Amino acid sequence: MIRVSFALASLLTLLSGCDRHPADARMPRTVLLSDAAVAPGAATSFTGEVRQAQRARLSFDMPGRLATVTVQPGDTVAAGQVLATLDPEPGRLRLAQVQAEASAADAEAADRAEQLRQQQALFDDGVASQSTLASTRAAEKAARGKANAARAAVALAARDARHAAIVAPFAGRVASRAEEPGQDLAAGQTVLTLDGAGQAEIVAFVPRAMRATLHVEDEATAIASDGTSTTVRVYRIGDHADRGSTVETLFRPVGVPFGLIPGQFVQVRLAGAAADSLSIPLTAWIPGDRPGQDSVFVFDDANGQIHRRRIRVAGHLGDRVLVAAGLARGERVVSGGTAFLSDGQAVRAFDGASQVEGH
């Protein structure tokens with residue numbers, strides 16, 4: 001009887017509990033918010049060096065002693081003009097030597113060919129053996145190979161003799177002179193640097209984090225030390241990060257450049273989107289499963305809710321994420337605990353006086 005009464009009491013307690021309705025609204029979660037702002041430390045201007053788009057570092061193909069250099073830095077030269085020469089005597093002697101070796105090799109090859117003809121005739125008459133004929137044929141083949149190699153050596157020596165002079169590959173101006181007559185040079189050692197007379201360009205090293213915000217044909221302004229300026233456009237963007245931090249970027253003037261001198265350093269100031277990149281804390285970024293699916297939670301002040309929004313990430317700068325699209329300057333994003341939030345959820349901003357809720 002006691003057991004029945006206890007069971008009945010338990011059932012009544014359970015039924016009475018069903019009449020209590022849970023709270024229809026939960027307390028808004030407290031979140032930390034951060035502004036989408038211009039990337040701290042993301043420079044919008046860079047130092048660049050003016051140079052000619054057509055530039056050549058001139059050297060000799062072979063080692064030798066520098067005999068003459070006929071130009072100085074700043075000299076204007078014509079295409080085909082002789083600019084420097086090597087001492088020609090070693091080249092002439094090498095050519096004579098290999099020509100003599102080639103003559104001897106040709107004579108030996110002719111002798112071996114005659115021996116092969118004779119051995120073949122003897123073999124056909126049944127006088128010479130098969131092994132003797134094979135040995136003679138091998139010797140003739142080796143002699144022909146040696147003669148061919150000797151003729152190639154003659155051609156190479158003749159080429160070296162012809163290339164004992166540096167000739168201007170195009171019209172332009174001498175930018176630098178690295179060596180003086182009397183010095184012994186290695187093959188490929190730069191003697192002169194020649195700038196073309198045509199298109200000028202500016203090479204600048206842009207921080208790698210800004211690489212994704214730059215595009216070919218983006219405009220910028222090149223400003224010289226005296227304040228003069230000219231409009232330039234991005235011509236080429238490198239794909240390799242120098243020392244992991246900067247990317248070589250080429251700019252070319254729009255129209256006729258004003259006051260750009262090769263070797264001059266200028267400030268290149270970016271314009272447009274590349275200069276307006278926004279950044280958010282790394283903790284606000286929600287990586288997507290696939291490229292192009294990154295997102296953040298944006299706070300809506302009007303209704304106190306957060307909404308998940310797709311963004312385009314341009315790169316990283318320290319503990320900040322660069323945002324190329326999807327956010328406006330001044331918008332506030334949730335910068336912590338995003339894994340526990342959902343689209344449309346009611347939240348309240350952490351004001352520094354309250355504790356962040358942990359439910």
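Side chains included, hydrogens not; waters and symmetry mates left out as well; all remaining heavy atoms used. Note that the coordinates shown come from a computational prediction; the quantities given were computed from them, not determined experimentally.
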Side-chain polar contacts of residues 91-103 - donor-acceptor pairs under 3.5 angstrom, sequence neighbours left out - could you list them?
from: R92; atom 1: NH2; to: E89; atom 2: OE1; distance (Å): 2.6
from: S103; atom 1: OG; to: Q99; atom 2: O; distance (Å): 3.1

Any donor-acceptor N/O pair, R233 side chain to A220 backbone, under 3.5 Å
no

For the side chain of Q189 and the backbone of A186, is there at least one donor-acceptor N/O pair under 3.5 Å apart?
yes

Is there a donor-acceptor pair under 3.5 Å between the side chain of T228 and the backbone N or O of A224?
no

Specify the closest pair of heavy atoms between R308 and D343, including all atoms of both residues, with the distance to one decimal.
N-OD1, 2.9 Å

List the steps, then state whether side-chain hydrogen bond (donor to acceptor under 3.5 Å, both in side chains) holds for S229 with T221.
CA-CA 7 Å; S229 63; T221 302; over 6 Å; no

Short question: side chain of T70, backbone of L83 - any donor-acceptor pair under 3.5 Å?
yes

Taking only residues two or more places apart in sequence or in another chain, which ones pass side chain to side chain donor-acceptor pair (under 3.5 Å) with T190?
none

Please say whether more than 12 non-hydrogen atoms of neighbouring residues, nucleotides or ligands are located less than 6.0 Å from OH in Y235.
no

One pair to check against side-chain hydrogen bond (donor to acceptor under 3.5 Å, both in side chains): T47 and Q267. What are the steps and the verdict?
CA-CA 5 Å; T47 299; Q267 285 294 314; 2.8 Å; yes

Listed partners of A161 passing side-chain contact (heavy atoms from CB on, under 4.5 Å), at least two apart
none

Show every side chain to side chain donor-acceptor pair (under 3.5 Å) that has at least one partner inside residues 161-176, sequence neighbours left out.
S176-T193

Donor-acceptor list for residues 327-335 side chains, cut-off 3.5 Å, not counting sequence neighbours:
from: E331; atom 1: OE1; to: R309; atom 2: NH1; distance (Å): 2.8
from: E331; atom 1: OE1; to: A328; atom 2: N; distance (Å): 2.9
from: E331; atom 1: OE2; to: R309; atom 2: NH1; distance (Å): 3.2
from: E331; atom 1: OE2; to: R309; atom 2: NH2; distance (Å): 3.1
from: R332; atom 1: NH2; to: D301; atom 2: OD1; distance (Å): 2.5
from: S335; atom 1: OG; to: L32; atom 2: O; distance (Å): 3.2
from: S335; atom 1: OG; to: S34; atom 2: OG; distance (Å): 3.1

In chain order, what residues pass the side-chain contact (heavy atoms from CB on, under 4.5 Å) check against R310, with sequence neighbours excluded?
Q293

Considering all heavy atoms, the nearest L194-V174 contact
CD1-N, 3.9 Å

Q183 (side chain) donor-acceptor with E180 (main chain) under 3.5 angstrom
yes

For residues V191 and L58: do they belong to one hydrophobic cluster (side chain heavy atoms under 4.5 Å, members Ile, Leu, Val, Met, Phe, Trp, Tyr)?
yes

